[in-house]
6 protein chains.
Amino acid sequence: MRPSGRSPSQLRAVRLTRGFTQYAEGSVLVEFGHTRVLCTASVESRVPPWLRNSGRGWVTAEYGMLPRATNTRTDREASRGKQQGRTIEIQRLIGRSLRAIVDLEALGERRIVVDCDVLQADGGTRTAAITGSYVALADAVGTLLRAGRIRRNPLHGQVAAVSVGIHAGTPVLDLDYAEDAEAETDMNVVMNDAGHFIEVQGTAEGHAFRREELNTLLDLASDGIETLIKLQREALEQAL
Amino acid sequence: MRPSGRSPSQLRAVRLTRGFTQYAEGSVLVEFGHTRVLCTASVESRVPPWLRNSGRGWVTAEYGMLPRATNTRTDREASRGKQQGRTIEIQRLIGRSLRAIVDLEALGERRIVVDCDVLQADGGTRTAAITGSYVALADAVGTLLRAGRIRRNPLHGQVAAVSVGIHAGTPVLDLDYAEDAEAETDMNVVMNDAGHFIEVQGTAEGHAFRREELNTLLDLASDGIETLIKLQREALEQAL
Amino acid sequence: MRPSGRSPSQLRAVRLTRGFTQYAEGSVLVEFGHTRVLCTASVESRVPPWLRNSGRGWVTAEYGMLPRATNTRTDREASRGKQQGRTIEIQRLIGRSLRAIVDLEALGERRIVVDCDVLQADGGTRTAAITGSYVALADAVGTLLRAGRIRRNPLHGQVAAVSVGIHAGTPVLDLDYAEDAEAETDMNVVMNDAGHFIEVQGTAEGHAFRREELNTLLDLASDGIETLIKLQREALEQAL
Amino acid sequence: MRPSGRSPSQLRAVRLTRGFTQYAEGSVLVEFGHTRVLCTASVESRVPPWLRNSGRGWVTAEYGMLPRATNTRTDREASRGKQQGRTIEIQRLIGRSLRAIVDLEALGERRIVVDCDVLQADGGTRTAAITGSYVALADAVGTLLRAGRIRRNPLHGQVAAVSVGIHAGTPVLDLDYAEDAEAETDMNVVMNDAGHFIEVQGTAEGHAFRREELNTLLDLASDGIETLIKLQREALEQAL
Amino acid sequence: MRPSGRSPSQLRAVRLTRGFTQYAEGSVLVEFGHTRVLCTASVESRVPPWLRNSGRGWVTAEYGMLPRATNTRTDREASRGKQQGRTIEIQRLIGRSLRAIVDLEALGERRIVVDCDVLQADGGTRTAAITGSYVALADAVGTLLRAGRIRRNPLHGQVAAVSVGIHAGTPVLDLDYAEDAEAETDMNVVMNDAGHFIEVQGTAEGHAFRREELNTLLDLASDGIETLIKLQREALEQAL
Amino acid sequence: MRPSGRSPSQLRAVRLTRGFTQYAEGSVLVEFGHTRVLCTASVESRVPPWLRNSGRGWVTAEYGMLPRATNTRTDREASRGKQQGRTIEIQRLIGRSLRAIVDLEALGERRIVVDCDVLQADGGTRTAAITGSYVALADAVGTLLRAGRIRRNPLHGQVAAVSVGIHAGTPVLDLDYAEDAEAETDMNVVMNDAGHFIEVQGTAEGHAFRREELNTLLDLASDGIETLIKLQREALEQAL
């Protein structure tokens, strides 16, 4: 039995609230149980130096956590003057995951920055961030398309992510903080809507994991992501 | 007529939502119209070095703005590695304002950090932050009192704040961004529940202001803050 | 009776020494009693990025304190790699105050940087800095006018500043460090030569202050600044 | 055919040179073809703050690249004042990988820092670094054991790593830079001597990868690592 | 003929003004012609970590230049967040030079920090700083001796410094900025009152210099420093 | 007798290995006994801002030390976010020394950066670095000449360096760490192949040194550098 009472293959309640704030071209509050992340997609006309005059665009992500998103307060990175290694790792992962489903040529010479700010953290913030960011990105792209600023949709797929892990000997889907803190193996899986892998990051926390365990975890993740892909589609089908 | 259709002495719709996030000892979402600031109060057992073994506590504040809280995206301070001058100025103001109503001896040797994070900015974020922070602070102190960790209430008053300014020749209360951007004079006023001043910061943006103008602005602010003090009290009287 | 033996409305001995150093376009040592600040105004041909090709200029200020300007040594900001919050607050205040009397269009596309470096600090360094900076700025502008680099005087007024506060229950003008350290209320007032306000920053240090107290403080400040404006004029009338 | 003429499952020439420098408790130059990384293990008596008086030790890693280890010079991180995101990601990975085979209690309250400095980079620097670091760590632990400073061996396994990827449609082992730059999928695999996984990090560079591709890549990696584990053992069996 | 009309072996007018500011234990304004450096010596009770409980003290120096000490304004190091290489080099030189004449054991477990701030720069600021710092240090030590905080004088000599160089083919003493900017060889010499060398730093700016030239420069420096040592003694013999 | 058994005027075994790494235009491992420094010269097409469109080039140097190059580990500068004062001093010295033998006009508008990274430190790393850097620079220039990118050789001389010092009362050449740590006087001398001085930096560590001692040290250095110049020439005469 999991601490939350969920079955091993059960996701937490997932909610995607579009238009959570009003200025960004895409703004989505994503919730996986108590984990709440605000994802905003901002369209900018300048691109990084190495893309100038290339005709191609860029998609990047930044990640942050409000100081008291967690059980005990963590120092504000802006006042420490430095982002933590964990933060940098996560925002690079989100950026790569999003770019995997974007045709940067079709986007044209502009940059979309997706900011993922964790309002409340109960495990799985990076995978929730990826899942929510896709919806924010789709809304931003929709704005560009409707305004005629781009002609064809640069998104050639959907992307979503979930964490899986081995907790108390059992492979489980979508770990909350209580499980994550004592998991033996922790894996973040990012997939597209064709069921293929974009990123797989598995880490043995306690003992090294066997090939069969890896396989079971990937099965759990595939099923979970299939559900998330559906929830993204449903959210995007609603009127804003 | 003001851009928003409000009368010169009319506040925007003000909402104080307690318990907006679950981990902090006090967590309040404060809204002044479209301006939304999340204020969390965190109780910590360590004090700054200069207070160790003094028997006295400390209250401080930090301020941040999500990159896309504003109409165009602003760089993330954590990734620039530096807080802006404006940010530093604001968080120092919030900290001083809160300490003005706290008996640091009664608080005992502990620190309360109030984090004010702007989710959406439509003018007046610093005064909204002060107004909301008081409620978050009161909730954090309530937690300490109920747990018997402190004996007497260290809060000896309430504190709230509002902006006033001269817009299109008319003194007005609680400026939104549209007004603020073209105000000739801009003033932030912080007062306690006895109607006395804790902080007054007035700046001539266009022409220098006269003594009579200053007086009118202070009258407007006093009335506005009286209302805010009432709203704080009502919010705190409700069960969490 | 004040610690210094002065009457409540009495300024300290104020001295403005022009041409204190030889390279700057304007260089003024300002002394308010033992407080000594060197203000230099430097004319530069480049403007900040947001003003390029606008035809308009910029005036800005930087503030610093020599490590042993104070009673006990404070760390050198350059070696700590960071300016303190207080420093940033002060230099922003000086810059805003100066810009309030400058027609940036008449200045043309150039930048004047006023550096205020405190050689000795005995209270009131920021208001002394503003008062001295005006004279340095006027000298720099004079250089431009005499050289025919600008046609009309971009200064449309004078600006001076003084601190007022409530010390031992009595409202007093121009606090020295001994008074400032135990003041209940501390206010910095910046005015122009028409007797109008450019900036008012009042802070309750001990108890919150009443409207009548605020009024008395503003009266004291107005009288003090009138004298300072006269002293600036006299200093500028002398040959360099 | 691979650019290097190797077969898909062929490692580059791997060399492990112990005692490459003389001061460190363990010092190994690891070469995978033209990739050359110097790994030194330093034993220190202090532990990070959170482990003080816990009786447990710590193993951590730092990674750096000489500015001209690469084809075009990259800025020196020390003079830019900041480590790149990639650097931070890699050194965290090395540290986790090493800790996975260390009994931190048996190590006692001391810290071993493994520095991995890339002298020449031709792809696969992070996996070479892990493979070489294990040997440096084993030498450092050997020093402690021989000196009687610890009683039982804190290493409960070996750890080695290799990269695999899909290049020109073919899954290949141990990519050099020419292959890595155009790989469609890139995966770093870390395993122990029991053939279990410590870390799996797979990234789709071009198209998302299928489950079968993932399986083939893991097979290639398992075989490669088995060889590396043998090479480590042989290197350690020689007299220093 | 030198630009200033001085003979090759002639110093500029040198002035040492003790008690230039009032708080520091030693405060000296040193002037070499138009070069003006304020040197303050501050006594602190804490020592650097590596000297705790050693019974020995420390003497160190910091150097800074006001932004407009020079002909064109240089950026403020505090706002750039970094000291320049030149600054670091100079303050290390001043510190070493002073420590060469201090018995750190006799000083006891305390630290003296000498701050050298250049108010106006016309060449030779580092050697002027060393010459003035000695006098400030002597005053600070005098304060400790008179207060009975140390028993015997920790200064076992005097130290002074001067620059020499080859200008327009002629070896000259004490270069001002006009000479320094076009010197072929530039040398800073630090000596004690016994006429021995503490530091010699010679740099070929144009062509490499010959042994005979070096010898002539050292002769010039020795004579110049002998004069400076006398001026220091005279300054210290006067009542403060 | 010296700790190493060398005679006072005896250099350590000096080795210059060209082509130590493969990407840099010049790459030399220089060894002075156990001191090992990797010097790479990289040719870049951009010059510093102040040289743009001047037709002149630039040569600069950076210096670093691997964390465990020394007997006890020193913190990695990249992770501390700051280069030490010592590092900055050394890299400035190397850069000046190299520029002394380069005709920057003949180099044309390009920059050569010489990176000196200490793999193992046993005293004299900065002088070894200068000696090795010359060879790396010569190789880089050779590449440019052979490729026809420059027409005439911008190197108008050779440069080499050695340390001398007074150890146990005896002037000695080329100090190793054991000697350096207890030397009374320490001097770094940089000369060209005409036997003239480019840089002389002498520091009294214990007692101040006399003119005769200085002379003996310079004699030792001249002889040592003559040998180093020969070794450089021999190394460069071999085929790469």
[X] versus chain D, heavy atoms under 4.5 Å apart: side chain, backbone, both or neither?
X: F:Leu38; result: side chain
X: F:Glu25; result: both
X: F:Thr70; result: backbone
X: F:Leu119; result: both
X: F:Arg80; result: neither
X: F:Gln91; result: neither
X: F:Thr40; result: side chain

Atom pair CZ/CG of F:Arg73 and D:Asp115 - distance to nearest 0.5 Å: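 Atom-to-atom, F:Arg73:CZ and D:Asp115:CG are 4.0 Å apart.
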
Gap separating the NE2 atom of F:His34 from the OH atom of D:Tyr23, nearest 0.5 angstrom: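 Going from the NE2 atom of F:His34 to the OH atom of D:Tyr23 covers 7.0 Å.
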
F:Arg15, CZ: over 12 other non-hydrogen atoms inside 6.0 angstrom: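 Atom CZ in F:Arg15 is not packed in, count stays at 12 or less.
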
Over 12 foreign heavy atoms within 6.0 Å of CD, F:Gln22: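 Yes, enclosed.
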
Closest approach of D:Gln83 to F:Ser79 (non-hydrogen atoms, all atoms of both residues):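 In this case the closest contact between D:Gln83 and F:Ser79 is OE1-CB, 3.7 Å.
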
Full working for salt bridge (charged side-chain N to carboxylate O under 4.0 Å, His left out) between F:Asp117 and D:Arg68: CA-CA 10 Å; F:Asp117 285 277; D:Arg68 197 57 196 277; over 6 Å; no

Pairs of heavy atoms under 4.5 Å with chain D: top-ranked of F:Glu44, F:Arg36, F:Glu62: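 Greatest number of close heavy-atom pairs with chain D: F:Glu62.
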
